[in-house]
Amino acid sequence: MHLDRIHRVTLAHLPTPLEPMPRLSEAIGGPRFWIKRDDCTGLGGGGNKTRKLEYLMAEALDCGADTVLTAGAVQSNHARQTAAAAARLGLECHLLLEREIENADADYLHSGNVLIDRLCRAHRHHFSKDTDMQAAMDRFEDELRAAGKRPYAIPVGGSSPRGALGYARCATELLAQSRELGMNIDLVVHASGSAGTQAGLVAGFAALGVDVPVLGICVSRSAQEQKEKVLPLLRDTLSLLEISTPLSESSVRTNGDYVGEGYGIPTPEMVDAVTLAARLEGLLLDPVYTGKAMAGLIDLTAKGAFGEMNNIVFLHTGGAVSLFAYRSIFEGIP
Ligand SMILES: *Cc1c(COP(=O)(O)O)cnc(C)c1O
């Protein structure tokens, strides 16, 4: 793999731990469940965007940027980690935030990720639901340039081929850890949104020549739409890595059964999954991504979907900071 030839800055605490979840495994039955702790990447509250930002921020510095901009939802974990990375590197940071949730309460608008964005001194710009955020970013980038800045635009979720390299690297890390533990990973399960995590992992395992299937649980679209989002990014990530092994479409596995009404909208199964993980393992999942992915893992286990598998790794992509923004939905738990 050509990973080491591509410039990256160090932002994350790596390797993140790979730990068993014995009490959760016992409670839900099925194979042994492990958790890859990418919630512990360290920067400004941690999460999966930090691995991507190691490559994206390196490119920003190589371009001579003094300012970065990116876009996301109001409670975007990606925006928060970008704000922290920019602070760490002494760059100005602009966040273009879309109000994806209507009727949001004060916790949603001011706590969780938003509080950390402010602490890191990111400039926040607000947009209404259904704004074309890519167009808004293009316009804003022009404005920054006109104002004499040298901006570097980071795509939504950090999901460009370059950002996805962070997860190709994570595949290498996971393989080394599983070998050290003397176990074979039968499946990696994670929440899939802007698709860089899934594209990076699949590209990374392919580049290593190992057959480790990756299942993306959708948090914002149907299985088919998500697959169509992952595939082109996967192709471009493989070509950035100069890997010519053709991958079939079946290497991109997605499940869209746990989205509920839409992105960031809670489901009862998510609330149960977040509660269960806290009570059995002391693990903090989040309401938007990992809670829905864990709800999927639990339900698929109950349906016998994992048949003969022995070891399944749940990739914890972070996000627990937004628990504070979603405080009210947990009021009903016993
Ligand atoms: C962004 C994010 C994801 C999804 O990762 P993508 O690379 O955007 O698919 C999953 N979990 C959390 C907590 C995130 O912030």
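Residue numbers start at 1 and run along the sequence shown.
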- Side chain to side chain, F33 and T301, heavy atoms closer than 4.5 Å: yes

- Task: Keeping the roles fixed (side chain from Q226, backbone from G256), state whether a donor-acceptor pair exists under 3.5 Å.
- Result: no

- Look at the rings of F140 and H125 and say which category their plane angle falls in: under 30° parallel, 30 to 60° tilted, over 60° perpendicular. tilted

- Looking only at heavy atoms, what is the nearest atom pair of F306 and P31, with distance? CB-CG, 4.1 Å

- Query: Is there a chain of hydrophobic side chains (I, L, V, M, F, W, Y, each step under 4.5 Å between heavy atoms) that links L165 to V156?
  - Reply: no

- Task: Determine, stepwise, if the pair Q75 / S322 fulfils side-chain hydrogen bond (donor to acceptor under 3.5 Å, both in side chains).
- Result: CA-CA 7 Å; Q75 283 294 335; S322 76; 5.4 Å; no

- Message: How long is the straight-line distance from CZ of R32 back to CG of N310, given to the nearest 0.5 Å?
- Response: 9.5 Å

- Within-4.5 Å side-chain heavy-atom neighbours: D105 and S328: yes

- Out of curiosity, does M309 fall in the hydrophobic cluster containing I35 (side-chain heavy atoms, cut-off under 4.5 Å, transitive links)? yes

- Could you go through the side-chain hydrogen bond (donor to acceptor under 3.5 Å, both in side chains) check for N311 and N184 one step at a time? CA-CA 7 Å; N311 295 292; N184 265 324; over 6 Å; no

- Query: Between the side chain of T41 and the main-chain N/O of G47, is any donor-acceptor distance below 3.5 Å?
  - Reply: yes

- Message: So does K129 get a backbone contact from the side chain of E100, meaning a donor-acceptor N/O pair under 3.5 Å?
- Response: no

- Going by atom types alone, do H78 and T70 pair a side-chain donor with an acceptor below 3.5 Å? yes

- Item | Name of the residue among D236, V202, V252 meeting side-chain contact (heavy atoms from CB on, under 4.5 Å) with L231 | V252

- Query: Can any side-chain N or O of D66 pair as donor or acceptor with the backbone N or O of K149 at less than 3.5 Å?
  - Reply: no

- Message: Under 4.0 Å between a side-chain nitrogen and a carboxylate oxygen: does that hold for D117 and R124?
- Response: no

- Query: Hey, mind stepping through L284 and D39 against side chain to side chain contact (heavy atoms under 4.5 Å, CB included) and telling me if it holds?
  - Reply: CA-CA 9 Å; L284 302 182; D39 55 322; over 6 Å; no

- Task: Measure the spacing between CZ of F314 and CG of L285 and express it to the nearest 0.5 Å.
- Result: 5.5 Å

- Message: Taking A164's backbone N and O only, do any of them form a donor-acceptor pair with R51's side chain (distance below 3.5 Å, no angle check)?
- Response: no

- When rounded to the nearest 0.5 angstrom, what is the spacing between CG in L215 and CG in L201? 11.5 Å

- Message: Quick check on the hydrophobic clustering: are V321 and L323 connected, directly or via other members, by side-chain heavy-atom contacts under 4.5 Å?
- Response: no

- Message: Under the criterion side-chain hydrogen bond (donor to acceptor under 3.5 Å, both in side chains), I'd like the reasoning laid out for Y152 against D62: C-alpha separation, chi angles, the key distance, then a yes or no.
- Response: CA-CA 10 Å; Y152 176 86; D62 292 343; over 6 Å; no

- Task: Using a 4.5 Å cut-off on heavy atoms from C-beta on, say whether the side chain of V288 contacts that of K292.
- Result: no

- Query: Backbone N or O of P151 within a donor-acceptor pair of the E92 side chain at under 3.5 Å?
  - Reply: no

- Item | Steps toward side chain to side chain contact (heavy atoms under 4.5 Å, CB included) verdict (M21, E19) | CA-CA 7 Å; M21 295 193 283; E19 302 172 327; over 6 Å; no

- Query: Salt bridge between E331 and R327, side-chain N to carboxylate O under 4.0 Å?
  - Reply: yes

- Message: Would V114 and L109 count as a side chain to side chain contact (heavy atoms under 4.5 Å, CB included) here? Give the steps.
- Response: CA-CA 7 Å; V114 175; L109 295 174; over 6 Å; no

- Message: Can you confirm whether E180 sits close enough to L18 that some side-chain heavy atom of one is under 4.5 Å from a side-chain heavy atom of the other?
- Response: no

- Query: Which heavy-atom pair separates D286 from V274 by the least distance, and what is that distance?
  - Reply: O-CG2, 3.8 Å

- Got I217 and N255 here, is their nearest side-chain heavy-atom distance under 4.5 Å? yes

- Item | Pair R169 + D4, salt bridge at N-O below 4.0 Å | yes

- Is any side-chain heavy atom of I333 closer than 4.5 Å to a side-chain heavy atom of R279? yes

- Item | Shared hydrophobic cluster for L95 and L89 (ILVMFWY, side-chain gaps under 4.5 Å) | no

- Item | Passing candidate, side chain to side chain donor-acceptor pair (under 3.5 Å) with Y167, options T317, D38, N48, T237 | D38

- Item | Spacing of F127 atom CZ and M133 atom CE [to the nearest 0.5 Å] | 5.5 Å

- Query: Taking C-beta and beyond as the side chain, do Q81 and L53 meet within less than 4.5 Å on heavy atoms?
  - Reply: yes

- Message: Testing the basics here: between L233 and A199, what is the closest heavy-atom pair and its distance to 0.1 Å?
- Response: CG-CB, 3.8 Å

- Item | Closest approach of S111 to F324 (non-hydrogen atoms, all atoms of both residues) | OG-CB, 3.7 Å

- Query: Would you call the rings of Y326 and Y108 parallel, tilted or perpendicular, where under 30° means parallel and over 60° means perpendicular?
  - Reply: perpendicular

- Determine, step by step, whether K36 and E173 satisfy the salt bridge (Lys or Arg N to Asp or Glu O under 4.0 Å) criterion, reporting the C-alpha distance in whole Å, the side-chain angles of both residues, the deciding distance to 0.1 Å, and the verdict. CA-CA 10 Å; K36 174 66 171 163; E173 201 179 287; 2.6 Å; yes

- Message: Whether the side chain of S192 engages the backbone of A195 through a donor-acceptor N/O pair (distance < 3.5 Å, no angle test) should be reported.
- Response: no

- Message: Let's go through K49 and T82 carefully: what are the C-alpha distance in whole Å and the side-chain angles of both, what is the deciding distance for side chain to side chain contact (heavy atoms under 4.5 Å, CB included) to 0.1 Å, and is it a yes or a no?
- Response: CA-CA 8 Å; K49 303 312 177 307; T82 302; 5.8 Å; no

- Item | Short side-chain to backbone donor-acceptor contact, R150 and G64, under 3.5 Å | yes

- Task: Using modelled atom types only, decide if a donor and an acceptor are shared between the side chain of Q177 and the backbone of P17 within a distance under 3.5 Å.
- Result: no

- Message: Tell me the closest heavy-atom pair linking C120 and A84, and the distance in Å.
- Response: SG-CA, 3.9 Å

- Identify the two heavy atoms, one from W34 and one from P20, that lie closest to each other, and give their separation to 0.1 Å. CE3-N, 3.5 Å

- Say whether L69 and L61 are linked into one hydrophobic cluster, either directly or through other cluster members, by side-chain heavy-atom distances under 4.5 angstrom. no

- Residues R145, E141: salt bridge by 4.0 Å N-O rule: yes

- Would you find a donor on one side and an acceptor on the other, under 3.5 Å apart, between the side chain of K227 and the backbone of E249? yes

- Rounded to the nearest 0.5 Å, how far does NZ of K52 lie from CE of M57? 13.5 Å

- Query: Should P266 and P287 count as side-chain neighbours, where that means a heavy-atom distance under 4.5 Å?
  - Reply: no

- Message: Nearest 0.5 Å, please: how far is CG in L43 from OG1 in T50?
- Response: 4.5 Å

